Amino acid sequence: MAPSPTGLLHIGNVRTALFNWLFARHEGGEFKLRIENTDTSREVAEAVDQIQASLRWLGLDWDGAHTFQLDRMDDCRRVADQLVAEGKAYEDEGAIRFRMPDEGSTGWDDVVRGRVEVPNETIEDLVLVRSDGRPTYNFASPMEDVWDGITHVIRGEDHISNTPKQIQIIRAIGAELPVYAHVPNVAGADGKKLSKRHGAVTVEEFRKDGYLPEALVNFLALLGWAPDGETTIMAREELVARFDLARVSPSPAQFDYAKLDWMNGMYMRALPAAEFAHRLVIWLGENGYDWDAELVAKAAPLVQEKIARLAEFPAFAGFLFGDVAPDAAELDGGGAMLAAAADRLAGLEPFTAETIEAALRAEAETLELKPRQAFQPVRVAVTGSRVSPGLFESIELLGREATLSRLRAAAAAAAA
RNA sequence: GCCCCCAUCGACUAGCGGUCCAGGUCGCGGCCCUUUCAAGGCCGUAGCACGGGUUCGAAUCCCGUUGGGGGCACCA
C-alpha cells in the first residue's frame, strides 16, 4: 500500500489496501507500507501517524518498517543519469525526461481487467526528475517496486493510465515487471466519487460514527468482490482464506451506508455481552463521555439488539446518566397512570424488572388501559423519549429514587 | 478533444453457451411477534442498457450505439 501523506485515510484507499492485505495474507506473502512523499509541498505532518493508526484499528498489519519514497532520491537520480547516458532520457529545462517510444503500444495482463493496451503515441515523455532534483511519483514508484521486490501492484483504477509509463521505465532499466491489478473505484450513492457530502469518508469518521472495525472490513471486502454470491457475513480469517484477486469485479461499486449499518448491527449483536460492553466503554471514552463504566456495562445488554452503531448509545440510553426533560405533550394524558405507577413502585420489593412489570401490568388492568396506552406515558416520563430500551429493565437500572421523582414530576406536568 | 476502463433488481453481487421464465444479501412493502424502537420469522417487490451479429441455443462470445467512470502535471 502506498498512500501519500496528505491527510486522513480515505475509505476508498482502505478498500484497495484491504485487497492488498487479503491477497498477501492469502498467499502467505508480505504486505508493505510505503509512504509516497515525493511531493513535499502537499505533505501533512501528522498524516503518517494517522494513516498507521487507521490501519492498525482495522487490523491491517504490514510487514517490516514502512518506507519513505523520498529516501530513494539519490538512487533515482543515479538511474536517471544512467538513462540519459544511454540516450533513453534527456535533459529538458533542468528536468530529466524519459523518452517514450512513438510507435507500437504498451500492454499488460491486468489481473482484474484482463489485457490492457495503450498506444505509445498517446503517452508523453514524462518527467523523471524535477529541476530541483526530486524524483516524480511515476519514476520513483516503479523503481521502488523493483528495488523492494514487489511482485504484485494492486491499486486503484485511476492508476491505469500510469501503468504503461511505469512499464516502459522498468523495461528501460532491464528489470522484471510486477503483476498489475487495478481495482475499481468506490463511488457514492450518485455514482460520483465518494466524498464528504455522501457521509463519512475517512476511517476516523467511521470510527467516530461507532462502526466496528471487523464490520467495516467485512463490508469493504464485499465492495467489488464476492466469494460465491451467497455468503455475506465473513470473519477476517474466512475473508483471508477465500479471497481471490481474479474474482474482483472490474466495475465500480457504490458505497451503501444502509447496508453497512445493517452489517454493523449484525456484528454488534454477535458480540458476547461483555465484549459489547467493553467496546461501548472504549467508544464513549474516546468520544468525550465521562460515564460510569459499570453502569454502561449494565445498560449494554438492554441496547445490544436495538442499536446499529455504538454512537447511537448516548441518545438511546443517556437517560440513565443524566436528567431528562420529557415533552408534556407526549405524556399523552397519562396523568392517572403516572401517579398510580409511582405509588405502586414506591414500596415494591424486590425492585426488579420482573416485579416492576407485574406491578405496572396490574395497574394497567385496574385502569382498564391497553399495555401500549399505559406504558407509553411511563416510558416518556422515565426515559424522556418515546423510543427506549425495554421499559421494565430500564426502570430497574435507573433505580427507584430517580424513577419515582421522574414519574411524579411527569404526573404533575400531565395534570397541569 | 485524445487515451483507457466499465455496463445483471434502487444498492452490493452470483452467473464464466443449455441446469436462469436469472439466485443471494441490503433497502423497500405487507403480515406475524410485541410495552416503544429494534431484533427475529414468513411473504412479496424489482434486473440481464440498446441494436446488430456468431450459434441448434446467449445474461453469458464478437462488433457498434448509448450511458457512466478514470486519465491526459516538474500531483500522487
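If you're wondering where the values come from, they're calculated on a predicted model, not measured in any experiment. Below, chain A is the first sequence line, B the second, and so on; all start at residue 1.
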**Q** rC6(B), OP1 or OP2 - any side-chain N/O from Arg113(A) closer than 4.0 Å?
**A**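 Answer no for this pair, as no side-chain N or O of Arg113(A) is under 4.0 Å from OP1 or OP2.
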
**Q** Using a cut-off of strictly less than 4.0 Å, decide whether Arg269(A) has a side-chain nitrogen or oxygen near OP1 or OP2 of rA38(B).
**A**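 Answer is no, no contact under 4.0 Å.
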
**Q** OP1 or OP2 of rU35(B) versus the side-chain N and O atoms of Lys370(A): is any pair under 4.0 Å?
**A**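 False: Lys370(A) side-chain N/O out of range (4.0 Å or more) of rU35(B) OP1/OP2.
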
**Q** Check the angle between the aromatic planes of Tyr137(A) and His159(A) and answer parallel, tilted or perpendicular using the 30° and 60° thresholds.
**A**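 Aromatic pair Tyr137(A)/His159(A) classed tilted.
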
**Q** Using both distances under 3.5 Å as the test, list the Watson-Crick or G-U wobble partner of rA59(B), or none.
**A**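 Pairing partner, where one exists within any strand: none, as none qualifies.
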
**Q** Report yes if at least one side-chain N or O of Arg386(A) is closer than 4.0 Å to OP1 or OP2 of rA38(B); otherwise report no.
**A**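 Answer no for this pair, as no side-chain N or O of Arg386(A) is under 4.0 Å from OP1 or OP2.
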
**Q** Take atom P in rG53(B) and the same atom in rA58(B), then report the distance between them in whole Å.
**A**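 After rounding to an integer number of Å, I get 12 Å for this pair.
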
**Q** Centroid-to-centroid, Trp225(A) to Phe19(A), below 6.0 Å?
**A**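 No, the ring centres sit 6.0 Å or more apart.
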
**Q** Under 5.5 Å between ring centres and under 30° between planes: does that hold for His159(A) against the base of rA76(B)?
**A**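 It does: the ring sits over the base of rA76(B).
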
**Q** Name the nucleic acid region contacted by Ala253(A), choosing base, sugar-phosphate or nothing; use a 4.0 angstrom heavy-atom cut-off, strictly under.
**A**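 Sugar-phosphate only.
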
**Q** If I pick the P atom on rC62(B) and the same atom on rA7(B), what distance separates them, to the nearest angstrom?
**A**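 These two P atoms come out 11 Å apart once rounded.
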
**Q** Under 4.0 Å between a side-chain N/O of Thr38(A) and OP1 or OP2 of rA76(B), yes or no?
**A**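 It does, given that an N or O in the side chain of Thr38(A) lies less than 4.0 Å from OP1 or OP2 of rA76(B).
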
**Q** Taking atom C1' in both rC21(B) and rU8(B), compute the distance separating them and give it to the nearest angstrom.
**A**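 Taking atom C1' in both rC21(B) and rU8(B), they lie 16 Å apart.
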
**Q** Pick the nucleotide of RNA chain B nearest each of Glu393(A) and Pro184(A); which residue has the one closer to the 5' end?
**A**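 Checking each residue's closest nucleotide, the 5'-ward one belongs to Pro184(A).
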
**Q** May I have the distance from Arg247(A) (atom CZ) to rC12(B) (atom P), rounded to whole angstrom?
**A**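 Those two atoms, CZ and P, are 17 Å apart.
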
**Q** Which residue, Glu230(A) or Ala189(A), contacts RNA chain B at a nucleotide closer to its 5' end, judged by nearest heavy atom?
**A**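 Nearest nucleotide further toward 5': that of Ala189(A).
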
**Q** How are the rings of Phe255(A) and Phe219(A) set to each other: parallel, tilted or perpendicular (split at 30° and 60°)?
**A**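 Judged by the thresholds at 30° and 60°, the geometry between Phe255(A) and Phe219(A) is perpendicular.
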
**Q** Output, in order, the C-alpha distance, side-chain angles, deciding distance and verdict of salt bridge (Lys or Arg N to Asp or Glu O under 4.0 Å) for Arg97(A) and Asp125(A).
**A** CA-CA 6 Å; Arg97(A) 276 186 192 276; Asp125(A) 287 2; over 6 Å; no

**Q** If the cut-off is 4.0 Å, is Arg372(A) near the phosphate of rU36(B), judged by side-chain N/O to OP1 or OP2?
**A**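 Yes, Arg372(A) has a side-chain N/O under 4.0 Å of OP1/OP2 on rU36(B).
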
**Q** Could you tell me how far rG10(B) sits from rG27(B) if I compare only their C1' atoms? Round to whole Å.
**A**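 Result for the C1' pair: 8 Å, nearest Å.
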
**Q** If only side-chain N and O atoms of Arg97(A) are considered, is one of them under 4.0 Å from the OP1 or OP2 phosphate oxygen of rA73(B)?
**A**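 For rA73(B), neither OP1 nor OP2 has a side-chain N or O of Arg97(A) closer than 4.0 Å.
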
**Q** Who is the Watson-Crick or G-U wobble partner of rC26(B), with both distances under 3.5 Å?
**A**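 Looking at the geometry, rC26(B) pairs with rG10(B).
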
